[in-house]
Amino acid sequence: MKPARFDYFAPGTVDEALALLAEHGDQAKPLAGGQSLIPAMNFRLARPQVLVDLNQVAALSYIRANGSGLAIGAMTRQRAVERSDLVARAAPLLAEAMPSIAHPQIRNRGTVGGSLAHADPSAELPAVALALETRFRAKSATGERWIPAGEFFKGMLETALEPGELLVEIAIPPLPARSGTAFLEMARRHGDYALVGVAAVVTLEANGRCQAARVALLSVGDGPVLASEAATVLAGQAPSAELARAAGERAASRDVDPPSDIHASAAYRRRLVAVLTRRALERAFERAEKGSGEQGAVPSG
Amino acid sequence: MVTVNGARYERTVEPRLLLSDFLRNELGLTGTHVGCEHGVCGACTVLLDGEAVRSCLMFAVQADGHAVTTVEGLTDGGGGPLHPLQAAFHEAHGLQCGFCTPGILMTLVPFLRDHPHPDEREIREALSGNLCRCTGYQNIVAAVRLASDGIPTPDR
């Protein structure tokens, strides 16, 4: 239960970090909040030769308004996002999901970029990022590029980031008027890995019909799953309890092929997909009807 | 250089030394307990710059330049009178074997700072990152309520 030896670097700037990653190639691993990497190292499931600790790179820790959207530095602590008024206003879906991420002790260290780059299929942030059409800014010693959420998550613990590339920022676009969002998950105990979770975004037409919906599910596959079949059920329809139910059933039967493990059977997870999707959509529709993306005073849980 | 419970320490350690092991083995502060070593049990919780963190999920070198508070820091290095939260745990029988207690105390100190008068649901949520296999949590919740009752409410 102790990590194997490694060489340790704690650069103070992004450029220094990128130079170290370029120099050490696939021997090196960036260390963000460490709340997934350090347990894996304690178990010796991960044995990086070189750790590039990003915790001294102060320039990667920020939450900024970006037009009417948001830009968040990769090393921003999850706790800072949870406590941010700006996040609560500009990305209420993200704000609503934060308390479901593990425990406060983990969120005090865990970072936004670390969780996204780790790409655990049962993590909340990848699903939220996918639902919000987040863009990922990746830098390397030779340049930088933007990766859309739909291309960022590649599979189990796998992203589009290349060796030597570092996730430095995410950009969350503003939601259109008459949008509503909701996040829900089911876990055995508060803070445990979710058996299933759902992040829903809906946008209504001026006439009240559903113009577009993005529903992203977690803990049901190799990564966050976009429920595109459920979205087709919703498009152009008037919001109702019946519509939300139909979309939930479609998500459960067509969008997911969930795993069975010691925590839940595939059949139970499928049932949870139907129920949680229905509830999240009902809540998101209600919020969309209340006003342009504004969060209603709906109790969570 | 790290400040622990107000005292400054300077040590040269291997990068792979966990903060939990540094506190126990280098500084002799064995009040910080080591349970699962993968961030689940919460026994090793300490304060880093005033916020609760898992000391088994940090390297000691990462605490360089920061302030750490361990359970010993609640009683002025172990010799002072009990912290009001500790007194409430004593009074309400909020522990049995006591293995989980230091981590629970260090979780609850910042929790009560931010939520001086929590309801039961908030208390149980705050405790969800700390495992106790003796008490069934009942008396821990009672202890938190007792401690909370002792915190003055300025608005009333």
Side-chain angles (χ1 to χ4, degrees), chain A residues 1-10 12 31-58 75 77-80 82-83 99-111 114 187-193 299-301, chain B residues 12-22 25 34-66 103-104 106-115 121-132 137:
Chain A
M1 292 302 292
K2 307 292 175 193
R5 275 206 184 84
F6 54 83
D7 289 330
Y8 176 78
F9 297 94
L31 174 64
Q35 303 301 286
S36 298
L37 179 55
I38 297 179
M41 290 176 68
N42 285 353
F43 278 124
R44 302 205 176 185
L45 295 169
R47 301 179 70 140
Q49 301 286 304
V50 174
L51 267 194
V52 179
D53 184 350
L54 304 174
N55 284 275
Q56 313 274 348
V57 186
M75 282 300 291
R77 306 280 174 203
Q78 290 158 8
R79 197 77 159 146
E82 180 183 356
R83 289 172 168 168
S100 297
I101 303 174
H103 312 292
Q105 299 98 319
I106 303 292
R107 299 197 292 277
N108 279 331
R109 288 295 292 169
T111 64
R188 295 277 181 211
R189 190 175 53 130
H190 183 89
D192 280 2
Y193 283 114
S300 63
Chain B
T12 301
V13 298
E14 259 195 294
R16 64 170 167 162
L17 183 69
L18 298 172
L19 178 60
S20 45
D21 290 331
F22 174 79
N25 303 337
V34 169
C36 71
E37 292 195 305
H38 63 286
V40 172
C41 78
C44 70
T45 303
V46 299
L47 306 188
L48 179 75
D49 299 329
E51 300 290 351
V53 300
R54 309 283 204 224
S55 62
C56 75
L57 297 189
M58 263 188 79
F59 298 112
V61 290
Q62 295 186 290
D64 188 23
H66 294 273
I104 288 186
M106 301 320 282
T107 293
L108 291 173
V109 165
F111 171 70
L112 285 172
R113 178 196 64 206
D114 297 342
H115 308 86
R121 190 189 58 84
E122 291 171 322
I123 296 170
R124 287 186 182 275
E125 243 180 65
L127 287 168
S128 67
N130 292 80
L131 295 181
C132 171
Y137 302 94

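Throughout, a chain's letter reflects where its sequence line sits, starting with A, and its residues are numbered from 1. Computed from a predicted model, the values in this text were never measured in an experiment.
Here B/His38 is the residue among B/His38, B/Met106, B/Glu14 with the most heavy-atom pairs under 4.5 Å with chain A.
Residue A/Ala102 does not touch chain B at all, counting heavy-atom pairs closer than 4.5 Å. For B/Leu17, no part lies under 4.5 angstrom from a heavy atom of chain A. Only the side chain of A/Arg83 has a heavy atom closer than 4.5 Å to any heavy atom of chain B. Proximity to chain A (any heavy atom under 4.5 Å) is shown, for B/Asp49, by neither the backbone nor the side chain.
Contact check for B/Val53 versus A/Gln105: no side-chain heavy atoms found under the 4.5 Å cut-off. A/Asn42 is listed as a side-chain neighbour of B/Leu18, based on a closest heavy-atom distance under 4.5 Å. The shortest side-chain heavy-atom distance between A/Pro104 and B/Phe111 does not fall under the 4.5 Å cut-off. Within the 4.5 Å cutoff, side-chain heavy atoms of B/Gln62 are placed close to those of A/Leu31. Here the side chains of A/Lys2 and B/Asp21 are in contact, with some heavy-atom distance below 4.5 Å. Between A/Arg109 and B/Arg54 there is no side-chain heavy-atom pair separated by less than 4.5 Å.
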- Message: Could you go through B/Glu37 and A/Arg44, starting from their C-alpha distance and side-chain angles, then the distance that decides it, and tell me whether this counts as salt bridge (charged side-chain N to carboxylate O under 4.0 Å, His left out)?
- Response: CA-CA 12 Å; B/Glu37 292 195 305; A/Arg44 302 205 176 185; over 6 Å; no
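In this structure B/Arg124 satisfies the side-chain contact (heavy atoms from CB on, under 4.5 Å) test together with B/Glu120, B/Tyr137, B/Gln138, B/Val141, sequence neighbours excluded.
How far CG of B/Leu127 is from NE2 of A/His190: 11.5 Å, rounded to the nearest 0.5 Å.
Remark: side-chain polar atoms of A/Arg189 are paired, donor with acceptor, to backbone N or O of B/Ser128 under 3.5 angstrom.
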Return a table of donor-acceptor pairs under 3.5 angstrom between the side chains of residues 32-41 of chain A and protein atoms on other chains or two or more places apart.
from, atom 1, to, atom 2, distance (Å)
A/Gln35, NE2, A/Gly33, O, 3.1
A/Gln35, NE2, B/Leu57, O, 3.3

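The two residues A/Pro3 and B/Phe59 come nearest to each other via the heavy atoms CG-CE2, 3.9 Å.
In A/Tyr8, the OH atom is crowded: over 12 heavy atoms of neighbouring residues, nucleotides or ligands sit closer than 6.0 Å.
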